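Here's the structure we're looking at; comments come further down.
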Amino acid sequence: MVHSDFLEFEAKQRTPLAEDVSSEQRSGRLEEVLVVFTAAEEEDGSNIEGVSKNAAREIAEVARKVEAKRVAIYPYAHLSSSLASPKAAIKLLDATAGALREFGLEVHRLPFGWYKAFKLSCKGHPLSELSRTITAEAAEAEVRAPEAVPSRRIILTPDGKEHKLDLSNIDACKPLAKNLQLKQFVLSEELGHKPGEEPAHIKLMRRLELVDYEPASDAGHFRFYPKGALIKGLLEELAIQLSDELGASKIETPVLYRADEPDIAEQAARFYQKDYKIKFPNRTLLLRFAGDFGLFKMMKNTVMSYRQMPVRIFELSPSYRLEQSGECVGLKRLRAFTMPDIHCFCRDLKQGMEEYEQLFKIYARMTKSMEVDYVVAFRTIEEFYRQNKSFFVRLLKLVKRPALIELLSERKHYWVLKHEFQVIDSVGGNAQLATVQLDMEDSERYGIRYVDERGEKKGCIILHSSMGSIERWMYATLEEAAKAQKTGKAPSLPLWLSPTQVRIIPLADRHIKSCKRIADTLEKARVRVDIDERSETVSKKVRDAEREWVNLIVVLGDKELKRKKLPVRVRGKKALKPMTVKELTAEVAKKTRGMPFRPLVLPRLLSMRPIFVGS
């Protein structure tokens, strides 16, 4: 609902669902009006009378508060991904308009099912932008759009120099001229220059038989083919490996929570109606959008001593966020995703900042191992930055790159400092990967305390951190490969993530036995190896291996067996590299050292493999 000085509208083009309206009803201007953007949802059709009465009651109450005498009901299907039928929607709109007139309001219902142009002027007072979800049972709590806090931006370089960033003239900021990735991030994130084409990974994830849309599910939910499930599993193991390195304790918590729990409702409000809801006649359940729900409930009842801190908790959290369907873009933004969360509970700010630096180092090292380029962005309170500038400089020296820093005039979030590693994709879009947030507020809000040296209970500092969602990392690695391809290089995945690390191609059927013997040796050395013994030409088999981004290809015949050195085709290199089997296993071990391993997930022989995605 938007309280406006005026609303101008014009119905320009019918859709197949459009209702018939006279030419006079297709355009107009309304002064001093409460504009109600609304969408009728599928479940509303079962009780139109109940929903319309509740909707009218809520709208009339807002109109009373803002002293509006005129209401415009604007059908706006983009508010929901689960729409009622056109017939039910029109009935509900008419019923709501009729009920509003009973409150003495002047009501205008705009045409349903038309493409409309509109212009409005929001009044900008505290009650001018409100949002509500109405059901037949009751109206849910009001959610306000977040209020903006004045801020300014600088670019900080590892030498400690600050460079003013004027968003109206970014070319005047010298560090951006030297760091095109950072400049593109500013264009995309800060100035909203979004790409006009889809990221390359959307086609790649299908062509490589990794991931695909699931038409029988909701938008933003995916199916993972065996190779994609392998990569997803390896990334999940990497997340566990990082938590073990940090000494975090692993937990598991439910994915469903009661919406009438006060602290759950408060957390849900932060995400501005991006929560999945499951509604029953007398209660509503929420699917969690982060691991905080169950964790904070658990930690509220946990007894912690100052001697035990920092206490580190890890959870691999299946999470759900009801993003607008138009915002769901492949693996970049989903409605169902897996988030590896590490929360650290610290005694005080000093310990919190020490922990922050350790997490920063771990995530920086991990991101480098993923062979993904990234930019660094900080958001912080200006006073905190001025008091701790040397801390920021120290972090940038670790990663040897400049950072965008947004300096907020006052605190508007639960954190006083956070940073993000942001990836730039093949079409210039950006997405968050690893992040750490320094939280000085939630401990008291949710009753999470520790016992200090005097035996007294005190609030603690909480660090929220994650390497980034598993699916987002799959997006990042595919986009990095697509960026390499744009520059003329061979696209590839990091060797430890490649579904097939080595492919052996026999020149003739009589060489298959030798290929199997070599494959046995490689498998014992923890190498994912397969054999292409299909009835195809050798050149086609090589092309297919390259099309699958296989890192190391060996063609084996009589000559190669006699020489005892395998001619290894290394992806991205023109010349063949002669290697013994022992040297080949050592090469794979060297390039995958310290990273998780899983065996091949499909039959070793390519002739035995099903085709999941047709060409």
Side-chain angles (χ1 to χ4, degrees), residues 39 41-47 50-51 53-55 57-58 61 79-82 130-146 217-221 249-304 313-324 334-343 345 413-414 437 439 441-449 459-460 462 464 466 469:
E41 297 193 297
E42 188 175 4
E43 62 187 36
D44 297 336
S46 61
N47 192 347
V51 175
K53 284 183 177 179
N54 281 338
R57 188 180 303 113
E58 291 296 319
E61 177 62 17
L79 293 173
S80 175
S81 61
S82 178
L130 301 173
S131 173
R132 284 194 171 97
T133 300
I134 309 296
T135 66
E137 290 78 26
E140 295 184 2
E142 169 186 311
V143 180
R144 290 189 188 180
S217 186
D218 192 12
H221 294 248
S249 301
K250 188 175 187 295
I251 64 167
E252 290 185 14
T253 57
V255 297
L256 273 177
Y257 292 87
R258 284 171 25 209
D260 57 2
E261 286 282 319
D263 49 350
I264 298 295
E266 185 175 358
Q267 283 176 295
R270 290 181 183 176
F271 277 76
Y272 199 48
Q273 294 194 336
K274 287 193 174 182
D275 44 336
Y276 263 107
K277 294 175 182 175
I278 300 175
K279 297 179 180 179
F280 295 96
N282 22 358
R283 74 173 189 266
T284 298
L285 297 176
L286 303 179
L287 279 169
R288 70 173 176 197
F289 43 75
D292 296 10
F293 278 20
L295 172 68
F296 283 5
K297 286 283 190 184
M298 182 185 294
M299 297 309 293
K300 183 177 181 179
N301 299 318
T302 299
V303 178
M304 295 185 290
I313 305 294
F314 167 75
E315 183 172 13
L316 199 58
S317 310
S319 302
Y320 304 86
R321 293 181 189 172
L322 193 58
E323 305 284 0
Q324 293 289 337
L334 306 89
R335 289 179 172 175
F337 54 95
T338 308
M339 183 67 78
D341 285 322
I342 297 178
H343 287 80
F345 300 85
H413 300 288
Y414 54 91
Q437 301 171 359
D439 175 1
E441 184 180 299
D442 280 348
S443 172
E444 290 294 337
R445 174 180 286 157
Y446 298 109
I448 302 170
R449 297 182 175 87
C460 56
I462 304 176
H464 308 248
S466 177
S469 79

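In this text, all values refer to a predicted model and were calculated from it rather than measured experimentally.
For the atom pair CG of Leu285 and CG of Asp275, the computed distance is 12.0 Å after rounding to the nearest 0.5 Å. Here Phe314 contributes atom CZ and Ser466 contributes atom OG; the two are 8.5 Å apart, rounded to the nearest 0.5 Å. Summarising the geometry, atom OG belonging to Ser317 is positioned 8.5 Å from atom CG belonging to Leu295; distances are rounded to the nearest 0.5 Å. Put simply, CG on Leu287 and CD1 on Ile278 are 4.5 Å apart, with the number rounded to the nearest 0.5 Å. Of the inter-residue distances, the one linking Ile251 atom CD1 with Leu316 atom CG reads 11.5 Å to the nearest 0.5 angstrom.
Within 6.0 Å of atom NZ in Lys300, 12 or fewer heavy atoms from other residues, nucleotides or ligands are found, so the atom counts as exposed in its surroundings.
Closest non-hydrogen pair, Leu286 versus Ala259, comes out as CG-CB, 3.9 Å. Here the closest heavy-atom approach between residue Phe337 and residue Arg321 is recorded as CZ-NE, 3.5 Å. For the pair Pro340 and Thr338, the tightest heavy-atom approach, listed with the atom from each and the gap, is CD-O, 3.6 Å.
Partners of Lys53 according to the salt bridge (charged side-chain N to carboxylate O under 4.0 Å, His left out) rule, which considers only residues two or more places apart in sequence or in another chain, are Glu49. Scanning for salt bridge (charged side-chain N to carboxylate O under 4.0 Å, His left out) contacts around Glu41 gives an empty result, with sequence neighbours left out. Considering only residues two or more places apart in sequence or on other chains, Phe293 meets the ring-ring contact (aromatic ring centres under 6.0 Å, His included) condition with Tyr257, Phe289. For Thr253, the side chain to side chain donor-acceptor pair (under 3.5 Å) test picks out Arg288, Glu315, with sequence neighbours left out. For Tyr320, the ring-ring contact (aromatic ring centres under 6.0 Å, His included) criterion is met by no residue, not counting sequence neighbours. Applying the salt bridge (charged side-chain N to carboxylate O under 4.0 Å, His left out) test to Glu261 and every residue at least two apart in sequence or in another chain returns Arg258, Lys297.
Counting only heavy atoms from C-beta outward, the side chains of Ile462 and Cys460 approach each other to under 4.5 Å. Leu322 is listed as a side-chain neighbour of Arg335, based on a closest heavy-atom distance under 4.5 Å. At least one side-chain heavy atom of Met339 sits under 4.5 Å from a side-chain heavy atom of Asp341. With a 4.5 Å cut-off on side-chain heavy atoms, Ile313 and Met298 do not count as touching. Between Arg445 and Phe296 the shortest side-chain heavy-atom distance does not fall below 4.5 Å. When side chains are defined from C-beta on, Glu444 counts as touching Arg449, because their heavy atoms get closer than 4.5 Å. No side-chain heavy atom of Phe345 sits under 4.5 Å from any side-chain heavy atom of Thr302.
Here the side chain of Ser443 pairs a donor or acceptor atom with the backbone of Ile448 at under 3.5 angstrom.
Of the N and O atoms on the side chains of Asp292 and Tyr446, not one donor lies less than 3.5 Å from an acceptor on the other residue.
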